Amino acid sequence: MKTQHTILVTTAINFNFKKSKNNISLLGEWCKTNERYSKKNFAHKVQKCHWTDINKLNKDSSYIKNQYEGILNILYKDLNKLNNKKKDKRYWRIIIGPWLTFYIAAMFDRWETIRIFFKKNRNIKTSYLKNIDKKILTSKNTLNFLINAQNNDIWNHENFLRIINFNYKENINHEAGTISFLKKKRIKSIQYNFKTIIKYFIKLVDTVISFFALKYNKVILESFYFCKSDLIKLHLKSKMIPAFYKNTFKDLELNSNRTLEYNKRKLILKDLNFSNKSFLHFLVVSLRNDLPICFLEEFNKINNSVNYLSKQKKKTIITMTSHFFNERFKIWLAEMTSKGSKLQIAHHGGSLPPKLALFIDHNEKISDKILSWFKFNKKIFKQMSPVQLLRYKKIHNKSKNSCLILACETNRYPIRCQSWPYVEQYKLWFNDINVMVENLQPIIQKKVIYRCSSEEIGFETVDRFKQKFKKLKSTDIYQSNLTDELSKAKLTICTYPDTTIADSIMSGTPTIIVFSTKLYRLSKQSNKIIKYLKKNNIFFDDMKKASKHINNIWSDPNIWWKSSKVQIALVKFKKEAFNVRENWIEEWSNHINTQSQ
């Protein structure tokens with residue numbers, strides 16, 4: 001069989017090659033965020049994301065979960081030796097768990113993407129863009145890695161090349177061309193005004209108060225999303241010093257150009273068994289290079305910075321988000337729990353839980369209790385009032401005349417096994433929104449505001465919406481406040497099953513939930529809720545039916561919204577998914593007081 005030649009475009013990076021008789025293959029839909037690659041008939045093939053196959057997704061999810069545990073069993077011992085520690089697995093799970101969950105899933109996805117490409121193109125010699133910046137593969141910390149993995153073209157290009165060179169050298173013809181240009185990131189300048197001075201002063205005061213709060217409070221409420229006034233009330237009700245700990249656990253700025261200690265890194269996972277040229281072989285080789293410097297080269301620096309904080313007596317620590325992305329807080333947290341402190345994780349958001357757990361049950365494995373919005377059927381969960389929703393209950397109603405569509409971007413590159421849309425599936429989801437808008441009456445269309453993220457994140461659907469509906473309004477979540485948008489909304493349409501549903505319903509705004517259950521797969525408990533929401537025209541998975549309902553109620557949505565059937569369904573929904581009790585302050589203070597006894 002005659003060997004063919006193809007040019008493989010791995011990412012959206014633009015590089016110089018002449019389009020000739022050679023086949024051009026795009027490795028994924030993410031390449032099309034470059035206008036050049038998105039032109040009709042530009043590419044011969046565009047590879048689909050392998051995790052759009054549900055059976056493969058479920059199988060791979062179990063595989064990744066097993067590999068995570070197997071790697072952690074060895075990695076935590078290695079990190080003990082390399083950092084002169086003698087800590088148990090839970091200690092290191094708290095510190096490296098969030099990064100490791102994302103890392104293994106992201107690397108397996110890239111591995112499978114390349115494997116599938118060469119499996120489908122056995123008799124093809126491939127050319128591709130050469131290396132750009134290998135140093136980008138080593139991250140400073142978890143957040144730095146996550147940002148690169150889900151949206152950075154150079155990081156992903158380097159990873160794809162690394163896999164090709166590791167396992168498919170015989171399929172390579174030559175490097176095709178050089179880079180043409182790179183998008184420059186927009187850097188926002190900081191403007192100092194009276195408000196920033198006031199904020200700085202408040203932070204300064206909080207730093208002093210937090211010092212005493214950390215010492216004397218038996219329960220620490222950290223990274224809470226409650227309104228500050230509500231959080232202060234809760235502290236006082238619980239007889240604690242009110243504190244926000246904004247600067248107490250502020251993460252350190254690490255040097256991304258720090259020299260890596262390869263003599264230590266080469267010892268990582270040397271006891272892990274794997275087959276030659278297998279995914280695990282590749283993962284070990286890559287992880288030795290990619291392990292964020294916060295876990296090795298800069299670990300002692302961060303650890304020393306929290307030494308004085310770790311000398312506190314054992315406490316109950318309740319956190320919302322810092323246990324995932326704040327390396328300094330995670331090390332302090334690991335030190336405190338190793339001395340007997342209790343850890344509880346409070347959900348910062350939620351609504352309708354998905355079928356697949358987002359973080360390989362990380363929260364369940366590190367915490368003593370999870371304070372959730374949703375009423376889960378597991379002992380470790382305790383449903384508590386999501387007090388942060390009260391900010392929407394206090395919305396001052398302005399002239400309500402807009403039809404607000406709340407949307408959520410799809411990541412360009414997969415970073416985990418999830419029950420949400422992957423890569424090219426964003427087109428199906430976005431097309432559903434287009435169909436719904438197209439079938440609205442003209443008088444309603446004019447009132448539509450499409451709200452989503454757009455600043456070089458995902459597939460930039462705000463710009464696509466503008467192109468599709470030139471006369472309609474759209475807004476970027478970074479440029480508008482949701483509270484302001486809801487205060488002007490006559491009707492809200494939520495197009496994904498997450499926190500904005502609760503936000504909108506709590507504001508009292510008539511709300512419709514619209515999404516395909518084939519794209520957003522929900523848990524069994526969520527599906528039960530969806531059934532009665534659907535029966536009362538609150539939820540739709542048929543876009544034209546949703547449009548018809550909106551057309552019917554638009555003159556006065558409150559007639560439908562305040563009907564007894566709808567209100568009964570909403571009370572039931574709130575009770576299951578986001579039950580903000582009238583006596584929330586007693587509920588939370590009672591819980592806190594039981595922890596401090």
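None of these values were measured; they are calculated from a predicted model.
From Ile164, atom CD1 reaches atom CZ of Arg110 across 13.5 Å, with rounding to the nearest 0.5 Å. Considering CG of Asn144 and OG of Ser256, their distance stands at 7.5 Å, rounded to 0.5 Å. Residue Cys294 holds its SG atom at 11.5 Å from NZ of Lys301, rounded to the nearest 0.5 Å. Interatomic distance, CD of Glu409 versus OH of Tyr496, reported as 11.0 Å (0.5 Å rounding). Atom CG of residue Leu352 and atom OG of residue Ser523 lie 8.0 Å apart, to the nearest 0.5 angstrom. From Phe224, atom CZ reaches atom CD1 of Ile318 across 5.0 Å, with rounding to the nearest 0.5 Å.
Ser367 places no side-chain N or O within donor-acceptor distance of the main-chain N or O of Leu343, the cut-off being under 3.5 Å. Of the possible polar contacts, one joining the Asp206 side chain to the Tyr245 backbone as a donor-acceptor pair under 3.5 Å is found. Put simply, the side chain of Thr499 gets close to the backbone of Gly350: a donor and an acceptor are under 3.5 Å apart. The backbone N or O of Ser589 lies less than 3.5 Å from a partner atom in the side chain of Asn593, making a donor-acceptor pair. Panel note: side chain Lys369, backbone Lys379; a donor-acceptor pair is recorded below 3.5 Å. Remark: the backbone N or O of Ser385 is paired with a side-chain donor or acceptor of Glu587 at under 3.5 angstrom. In this structure, the side chain of Ser278 engages the main chain of His281 through a donor-acceptor pair within 3.5 Å. Side-chain atoms of Ser453 never come within 3.5 Å of backbone atoms of Ile477 as a donor-acceptor pair (strictly under, hydrogens ignored). Within the 3.5 Å criterion, the main-chain N or O of Ile147 finds no donor-acceptor partner in the side chain of Asn152. In this structure, the side chain of Glu261 does not engage the main chain of Leu296 through any donor-acceptor pair within 3.5 Å.
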**Request:** Would you please test Tyr225 and Thr321 for side-chain contact (heavy atoms from CB on, under 4.5 Å) and show each step?
**Result:** CA-CA 9 Å; Tyr225 281 35; Thr321 55; 3.3 Å; yes
**Request:** Any chance you could lay out the side-chain contact (heavy atoms from CB on, under 4.5 Å) test for Glu222 and Thr248, step after step, and finish with the verdict?
**Result:** CA-CA 10 Å; Glu222 194 278 335; Thr248 308; over 6 Å; no
**Message:** One pair to check against salt bridge (Lys or Arg N to Asp or Glu O under 4.0 Å): Glu460 and Arg412. What are the steps and the verdict?
**Reply:** CA-CA 10 Å; Glu460 301 179 352; Arg412 289 180 195 169; 3.5 Å; yes
**Request:** Could you please spell out the steps behind the side-chain contact (heavy atoms from CB on, under 4.5 Å) verdict for Phe299 and Leu82?
**Result:** CA-CA 10 Å; Phe299 179 81; Leu82 297 173; over 6 Å; no
**Request:** Kindly determine whether His323 and Asn363 satisfy side-chain hydrogen bond (donor to acceptor under 3.5 Å, both in side chains), including the steps that lead there.
**Result:** CA-CA 9 Å; His323 67 290; Asn363 287 351; 3.2 Å; yes
**Request:** Verify side-chain contact (heavy atoms from CB on, under 4.5 Å) between Lys233 and Phe226, making sure each step is shown before the conclusion.
**Result:** CA-CA 11 Å; Lys233 287 177 189 175; Phe226 292 8; over 6 Å; no
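Under the 30°/60° scheme for interplanar angles, the aromatic rings of Phe160 and Trp30 are found to lie parallel. Taking the six-membered ring where the residue is Trp, Trp332 and Phe249 present tilted rings, their angle falling between 30° and 60°. Classified by interplanar angle (parallel below 30°, tilted 30° to 60°, perpendicular above 60°), the ring pair Phe359/Phe102 is perpendicular.
Counting non-hydrogen atoms of other residues, nucleotides and ligands closer than 6.0 Å to NZ of Lys85 gives a total above 12. Within a 6.0 Å radius of NZ in Lys314, no more than 12 heavy atoms belonging to other residues, nucleotides or ligands are found. The number of heavy-atom neighbours closer than 6.0 Å to OH of Tyr63, taken from other residues, nucleotides and ligands shown, is above 12. The environment of CZ in Phe212 is sparse: at most 12 heavy-atom neighbours from other residues, nucleotides or ligands sit within 6.0 Å. Crowding of Asn273 atom CG: a count of heavy atoms from other residues, nucleotides or ligands under 6.0 Å not exceeding 12. Atom NZ of Lys365 has more than 12 neighbouring heavy atoms from other residues, nucleotides or ligands inside a 6.0 Å radius. Heavy atoms of other residues, nucleotides or ligands lying less than 6.0 angstrom from CZ of Phe211 number 12 at most.
When side chains are defined from C-beta on, His591 counts as touching Lys382, because their heavy atoms get closer than 4.5 Å. By the 4.5 Å heavy-atom criterion applied to side chains, Lys87 and Ile94 are not counted as neighbours. Contact annotation: the side chain of Leu356 never approaches that of Gln418 to less than 4.5 Å [non-hydrogen atoms, C-beta and beyond]. With a 4.5 Å cut-off on side-chain heavy atoms, Glu69 and Lys89 count as touching. Side-chain contact between Ser504 and Leu486 is present, with heavy atoms from C-beta onward closer than 4.5 Å. Counting heavy atoms from C-beta outward, Ile366 and Ile345 have side chains that approach closer than 4.5 Å. His50 is listed as a side-chain neighbour of Asp60, based on a closest heavy-atom distance under 4.5 Å.
The heavy-atom pair separating Cys408 from Trp420 by the smallest distance is SG-CZ3, 4.0 Å. Ser61 and Cys417 make their closest contact through CA-SG, 3.6 Å (heavy atoms, listed as atom of the first residue, atom of the second, distance). Scanning both residues, Ile220 and Ala213, for their nearest heavy atoms gives CD1-O, 4.1 Å. Nearest approach of Ser310 to Glu335, heavy atoms of both residues: OG-CB, 3.8 Å. Of all heavy-atom pairs between Cys31 and Val9, the closest is SG-O, 3.4 Å. Nearest heavy atoms, Trp99 versus Pro292: CE2-CD, 3.4 Å.
Using modelled atom types and a 3.5 Å distance limit, the side chains of His347 and Ser372 yield no donor-acceptor pair. Counting only N and O atoms by type, the side chains of Ser286 and Asp290 include no donor and acceptor under 3.5 Å apart. Trp92 and Asn80 share a side-chain donor-acceptor pair at under 3.5 Å. Side-chain contact, Thr337 with Arg90: no donor N or O sits under 3.5 Å from an acceptor N or O. No hydrogens or angles considered: nothing links the side chains of Tyr76 and Asp88 as a donor-acceptor pair under 3.5 Å.
Between Asp361 and Lys65, at least one side-chain N (NZ, or NE/NH1/NH2) sits under 4.0 Å from a carboxylate O, which counts as a salt bridge. Checked for salt-bridge contact, Lys140 and Asp251 miss the test: no charged N lies under 4.0 Å from a carboxylate O.
For Trp111 and Phe108, the ring centers are positioned 6.0 Å apart or more. For His362 and Phe324, the ring centers sit closer than 6.0 Å to each other.
Exactly one of Leu137, Thr11, Asn148, Thr10 qualifies for a side-chain contact (heavy atoms from CB on, under 4.5 Å) with Glu158. That residue is Leu137. Of the candidates Arg258, Lys264, Arg265, Arg265 is the only one forming a salt bridge (charged side-chain N to carboxylate O under 4.0 Å, His left out) with Glu297.
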